[in-house]
Q: 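What follows is a single structure, and I will ask about it in a moment.
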Amino acid sequence: MEYKFTEANFEQEVLSSNIPVFVDFYADWCGPCKMMAPVVEKLAEKYDGKVKVGKCNIDEENRMASQYGVMSIPTMMIFINGQVKETIIGAVPQKELEDKIENILVS
């Protein structure tokens, strides 16, 4: 299941989550973001129950993007216990994202 993270649910769904959370900060007009959308969807399916995977639209949630220092998109962050543990910027291969998630899950 792919989550939609907003300012209204970020505290509960991301910062207070008892499992790691993968957040894709994106915009609808962003070409590389569109390229990453199916990859993020596959990650949501693959890690369902182990990692919350979802998206945060920076045009709708610009305060959150600013709060987390998102300067270019896509920017993907992995949160554990409310803290950013990993940041990935730009379109990257699915394998690279899976490797980062796997490293988080085993640590």
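When a residue number appears, it is its place in the shown sequence, counting from 1.
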Q: Determine the minimum heavy-atom distance between Ile58 and Ala65, stating which atoms define it.
A: CG2-CB, 3.7 Å

Q: Between Ile104 and Ile80, is a side-chain contact (heavy atoms from CB on, under 4.5 Å) present by the stated rule, with each step listed?
A: CA-CA 9 Å; Ile104 293 278; Ile80 297 179; 3.0 Å; yes

Q: What residue among Gln94, Met76, Glu96 forms side-chain contact (heavy atoms from CB on, under 4.5 Å) with Val39?
A: Gln94

Q: Kindly indicate whether the side chain of Pro32, heavy atoms from C-beta on, has any atom under 4.5 Å from the side chain of Ile73.
A: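 Pro32 vs Ile73: side chains apart.
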
Q: Honestly curious: do Val14 and Met1 fall in one hydrophobic cluster under the side-chain, below-4.5 Å linking rule?
A: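 Val14 and Met1: one cluster.
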
Q: Between Glu60 and Lys4, is there a side-chain N and carboxylate O pair less than 4.0 Å apart?
A: yes

Q: Do Glu11 and Ser16 have side chains that get closer than 4.5 Å, going by heavy atoms?
A: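 They are in side-chain contact.
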
Q: Using the benzene-type ring in the case of Trp, are the ring centres of Tyr3 and Phe22 under 6.0 Å apart?
A: no

Q: Any side-chain heavy atom of Val51 sitting closer than 4.5 Å to one from Ile19?
A: no

Q: How far does NZ of Lys52 sit from OG of Ser17, to the nearest 0.5 angstrom?
A: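 If I round to the nearest 0.5 Å, the distance is 4.0 Å.
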
Q: How about Met77 and Phe25: do any of their side-chain heavy atoms sit closer than 4.5 Å?
A: yes

Q: How are the rings of Phe10 and Phe5 set to each other: parallel, tilted or perpendicular (split at 30° and 60°)?
A: perpendicular

Q: Looking at Met35 and Ala91, what are the two nearest heavy atoms and their distance?
A: CE-CB, 3.9 Å

Q: Is the count of non-hydrogen atoms from other residues, nucleotides or ligands lying under 6.0 Å from Asn62 atom CG greater than 12?
A: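 Atom CG in Asn62 is crowded, with more than 12 foreign heavy atoms closer than 6.0 Å.
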
Q: Run the side-chain contact (heavy atoms from CB on, under 4.5 Å) test on Glu102 and Tyr47 for me, step by step, so that the C-alpha distance in whole Å, both residues' side-chain angles and the decisive distance to 0.1 Å come before the verdict.
A: CA-CA 10 Å; Glu102 292 292 337; Tyr47 293 103; 2.7 Å; yes

Q: Is there a side-chain contact between Thr87 and Thr75 in this structure, where contact means two heavy atoms from C-beta onward sitting under 4.5 Å apart?
A: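 In short, these two side chains touch, coming nearer than 4.5 Å.
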
Q: Checking Asn9 side chain against Thr6 main chain: does a donor-acceptor pair fall under 3.5 Å?
A: yes

Q: Which is it for Lys100 and Ile78 under the side-chain contact (heavy atoms from CB on, under 4.5 Å) test, yes or no, and what are the steps along the way?
A: CA-CA 9 Å; Lys100 301 232 185 242; Ile78 301 173; 4.2 Å; yes

Q: Val21 versus Val23: any side-chain heavy-atom pair under 4.5 Å?
A: yes

Q: When you check the gap from the basic side-chain N to the acidic O, do Arg63 and Glu7 get nearer than 4.0 Å?
A: yes

Q: Tell me, do Trp29 and Asp59 make a side-chain contact under 4.5 Å, heavy atoms counted?
A: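 Yes, their side chains come closer than 4.5 Å.
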
Q: Between Ile101 and Lys46, is there a side-chain heavy-atom distance shorter than 4.5 Å?
A: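 No, every pair of side-chain atoms sits at 4.5 Å or beyond.
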
Q: Report yes or no: do Leu105 and Val40 belong to one cluster of Ile/Leu/Val/Met/Phe/Trp/Tyr joined by side chain heavy-atom distances under 4.5 Å?
A: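 Leu105 clusters together with Val40.
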
Q: Please evaluate residues Glu2 and Lys55 with respect to the criterion salt bridge (charged side-chain N to carboxylate O under 4.0 Å, His left out), reporting the C-alpha separation (whole Å), side-chain torsions for both, the decisive distance (0.1 Å), and the verdict.
A: CA-CA 8 Å; Glu2 192 175 85; Lys55 301 168 91 63; 5.0 Å; no

